[in-house]
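Okay, so here's the structure we're looking at.
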Amino acid sequence: MAALVEMKQITKVYPNGVVANKGVDFSVEQGEIHALVGENGAGKSTLMKILYGLEAPTHGEIWLRGRRVEIPNPHRAIELGIGMVHQNFMLVPSFTIAENIVLGSEPRKGRFIDRAQAIAVTEELSKTYGLQVDPTARIEATPVGMRQRVEILKTLYRGADLLILDEPTAVLTPQETDELFMAIRTLVNQGKTVIFITHKLVEVKEISDRVTVMRHGEVTGRVATRDVTEADIARMMVGRAVFLQIDKPPVLRGRVVAEVRNLGYVAETGRPVLRNISFSVHAGEILGVAGVEGNGQTELVEVMTGLRPATTGEILVDGKPVQRQSPRRIRLSGVAHIPEDRLTNGVALDATIAENLVVDRYNRPPFTQRGVLFPQVIRKHAETLMQQFDIRAAGPDALMRSLSGGNMQKVIVAREFSAEPVLLIAAQPTRGVDIGATEFVHTQLVAKRNEGKAVLLVSADLAEVMSLADRIAVMYKGEIVAILDNGPELTEEEIGLYMLGVRRQEIVTKAA
Amino acid sequence: MRGMAKFVEPVRILAVVLIALAIGFVITALVSKEPAQAYTALLTGPLPRISFENGFAIKNINRFGNWLEESTTLILLGLAVSIVFRARQFSLGAEGQMLLGALMTAVIALKLSLPFPAHMLLALAAAMIIGFLWGLIPGLLKAYLSVDEIVSTLMLNVIALQLFDLLLFNWLRDPAAGFVGTAPFPASAVLPLLIPGTRVSLMTILMLIAVVVAWFLMARTPFGFELKMLGANRKFAEYGGVNTKRVIALSMAVSGILAGLAGAHLSMGLLKRLTINLSPGLGFEGIVVALLARNDPRWVLLAGLFYGYLRTGAQIMERSSDVTREVVLIIQAIIILLITAERLFPFVQQWVQLRRSRGEAVVEAG
Ligand SMILES: Nc1ncnc2c1ncn2[C@@H]1O[C@H](COP(=O)(O)OP(=O)(O)OP(=O)(O)O)[C@@H](O)[C@H]1O
Ligand SMILES: [Mg+2]
């Protein structure tokens, strides 16, 4: 089989001196699903941006169907049949899905967009590739999973034969991921080729034909997926054996650290989002919260951390009520929070790493003494944490904006773990994080638990919850429908029944 | 890397300024019969001349004074704007705060009789307090009722101007004066002179202190950190525990203190009375200074001196040549355009890129 795309000796040096790609050879064959994996900052997105004409390579050549091509901009890439769905979506929120899909080359009726035609085209595409969308819904009102399907349809509408998907599953629920995989298979059956970036090795095994592994800007391996195990791929990525399974000593449950009683939250729109939620988290345990995304987990975390006001009920931390208090008061009572959406509230992109690391503690000694702030102490603090948590960046003064996704997450983890909390609330702590860093976050969470801290772990990744949690609370439509002891006899299927609302525990309110 | 950035930034701004001056010269050459002379007046006018003809003497000290006087006001206003801009609050209220500051000094100066320095200090304090309060209003409106600060501060500017005129006409006006204005302030409420032959007063020293205080506030206090985090990402600041409502309100109020002082400078230092049309639009010149200085108080000092020099030179050029000061307005406009355009550049680049990819208005969502 001839290679569809061949990238030869690609080197990319960013203006700030970062060498993101070093002499990379990369090839994709016609009709395959090719996984591209590697640690955060390995240079995967950069390589794909070069292929899509978003970044110019410093050196190197691109060959397409046996011919040398120049791709100076995405317009050229699209002409050549290359489409890309980015890590961060690029859609117009106030437009409908159909409008977004046809934008740029709209069907016209005189001077106006032919809306009916746009909708028809969208439905047609949607049916052909099995990607369900609602053509008339506005982007701002659609869930992430659908936005992603819109992005894919958009590239298909523009005639892409080669689709580049940059971490498409990072934002998806397991169900949505399954749907996406089905769609990808349909695409390939119809003669398309797909490049797929992910941090989840399960997905690599499940969907890809071949894998290219990158590390520190270089290709460290190119193999047929069926010839390797997950552990093999992990080793190629990290350069050492990675423990995909975490060892946990038996749980030593201590006092109740956090108690939630009859918590309710009604959104501004009047919709009840959380209903009658009661549970407690003990010292020395990890309580996992499972559930299909959008069943109130986000709001539960935000209410508990003071970012939204509870409508009814009580939250006690170490016996003291903290509901409806400011985030600062809640932090001071010993709660730390790894937020689900790191770009919205986890980091300030235009501030330095050092500043990001002290946002919860800048006003206390040693950073502030007698009303005076000491920037040098803040830098020192950052240097220590960067080393301790292996944050890779130019230095403490580097802007957050210049970090790769995984390193950003490490900054957040470093800040929240070093806050020495009694209760750590971790929402999607490993989303978009490479396996080395995932392993790191997991061991750290377990270490906190072993130290006798209480951990509340909210994750859309059921496998993550099952491998870490001591007990699992399942949320469905704003309620906790079950609290289950985690153990070898608990199966994914059983949790699934609760997650889908098929089953519910009657004693759940008392079980708290 | 950081060292580079620190170095590149001033060079870039210097380049912008030089380009603007060059364009200004071209325009001068187009409108003037004697462009070289006019431009020399603009560029060297504010400097004093040292003469040795009849023994050592410094001439034109008043021009040099004009430069320092102008810069003092501009720097105070530039500091005021920097504080709100650092927090990404687009308060345009400096104009109104300045007017009311001047108004309050007149009330204290003319309606109270106290010895120096108590009288002067009280007048200064009154200007600062009214500035604080007049800034606090839009601050509270924004923080607690989400009222857009651009709109509210512009409206408050109008109200401040009306108040100013009302009190001046009906209460403070000196009927004996041949124009609409108050009687001269008593000496006890006038800022002591620093350089004889000019109007450079104690306020220039207060301004230097204000630069240091503003720098300290922004770089070395928790409040300054909060300002910066608020400016960088409000949701992040909230998540970290910053009381963003308080910081929003305070940023505008603290900024008002400095604008109020600028007003006191006009009345107690320069005019030594209050007149109608005190100084229309001066409040907005603070924005230019803050933009040039990238909201850094240390650079505000330099930017204010530069901008004050340009404005003084423009007045001199107007008096001593056939070119009007509009040329300087053009230079100002070019500077503002180039500096803001440079900030817009990354957005433009992205936009063009997406246009090319048969693109669209780009909004990140996801
Ligand atoms: N625009 C940029 N300017 C400067 N440096 C950049 C830029 N984009 C990326 N980098 C740097 O280049 C390196 C590679 O980044 P890239 O985004 O390609 O990594 P990645 O493999 O996609 O990582 P992740 O899995 O975290 O998304 C990183 O060190 C990153 O900090
Ligand atoms: Mg990436």
Side-chain angles (χ1 to χ4, degrees), chain A residues 16-17 52-54 73-78 86-95 100 103-105 139-140 144 147-148 158 171 305-307 326-332 337 339 344-351 355-356 358-360 362-363 367-368 371-375 394-395 397-398, chain B residues 1-6 8 85-88 146 213 215-247 294-295 343 345-347 349-366:
Chain A
N16 64 2
Y52 188 57
L54 275 173
N73 53 49
H75 181 49
R76 182 78 188 118
I78 291 163
H86 296 272
Q87 229 166 330
N88 302 319
F89 300 158
M90 314 246 185
L91 296 168
V92 187
S94 58
F95 280 24
N100 265 288
L103 232 167
S105 43
I139 288 294
E140 58 203 357
V144 193
R147 288 187 199 188
Q148 180 152 58
R158 294 165 172 196
V171 292
T305 51
L307 295 174
S326 69
R328 174 165 290 165
R329 291 285 291 278
I330 293 177
R331 279 184 176 276
L332 285 177
H337 172 203
T344 307
N345 46 20
V347 299
L349 292 174
D350 292 321
E355 289 164 340
N356 270 276
V358 292
V359 72
D360 62 329
Y362 62 91
N363 58 344
F367 311 107
T368 296
V372 180
L373 188 83
F374 289 91
D397 297 325
Chain B
M1 246 165 64
R2 186 175 144 94
M4 270 290 278
K6 270 197 165 161
V8 165
F85 277 19
R86 174 69 69 102
R88 279 221 201 160
S146 304
V213 170
W215 170 80
F216 190 83
L217 185 76
M218 280 156 88
R220 289 292 151 88
T221 66
F223 178 68
F225 186 85
E226 290 169 346
L227 278 183
K228 185 160 185 218
M229 290 306 116
L230 174 65
N233 178 351
R234 179 174 175 180
K235 286 199 160 148
F236 172 68
E238 251 152 41
Y239 151 88
V242 175
N243 184 345
T244 52
K245 292 186 169 156
R246 179 176 154 269
V247 179
R294 302 281 154 120
N295 307 331
R343 284 206 193 160
F345 188 67
F347 295 103
Q349 213 177 14
Q350 204 186 7
W351 183 77
V352 167
Q353 224 156 31
L354 269 123
R355 274 275 119 186
R356 284 216 196 109
S357 64
R358 306 228 188 110
E360 53 265 37
V362 181
V363 185
E364 275 200 18

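The structure presented is a predicted model; accordingly, all values stated were derived computationally and were not measured. Chain A is the first sequence line, chain B the second, and so forth, proteins listed ahead of strands; every chain is numbered from 1.
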Self-check item: Considering all heavy atoms, the nearest Y362(A)-V242(B) contact
Solution: OH-CG2, 3.5 Å

Practice problem: May I ask you to decide if T344(A)'s main-chain N or O and N233(B)'s side chain share a donor-acceptor pair within less than 3.5 Å? | Solution: yes

Quiz item: Can you tell me how far CG of N363(A) sits from CD of E226(B), rounded to the nearest 0.5 angstrom?
Solution: 7.0 Å

Practice problem: Rounded to the nearest 0.5 Å, what's the gap from CZ on F223(B) to CG on L373(A)? Could you check? | Solution: 13.0 Å

Practice problem: May I ask you to test the F225(B)-V358(A) pair for a side-chain heavy-atom distance under 4.5 Å? | Solution: yes

Practice problem: Go through S326(A), G346(A), G306(A), A77(A) and name the one with the most non-hydrogen pairs under 4.5 angstrom from chain B. | Solution: G346(A)

Self-check item: For R88(B) against D350(A), the heavy-atom pair lying closest together
Solution: NH2-OD2, 3.7 Å

Exercise. Tell me, out of T305(A), L349(A), T368(A), who's got the most heavy-atom pairs with chain B below 4.5 Å.
Key: T368(A)

Quiz item: Between P222(B), A237(B), G224(B), G231(B), which residue shows the highest count of heavy-atom pairs closer than 4.5 Å to chain A?
Solution: P222(B)

Exercise. Find out whether V372(A) and F216(B) are in side-chain contact, i.e. whether some heavy atom of one side chain is under 4.5 Å from a heavy atom of the other.
Key: yes

Self-check item: Largest heavy-atom contact set with chain A, pairs under 4.5 Å, which of M229(B), R220(B), K228(B)
Solution: R220(B)

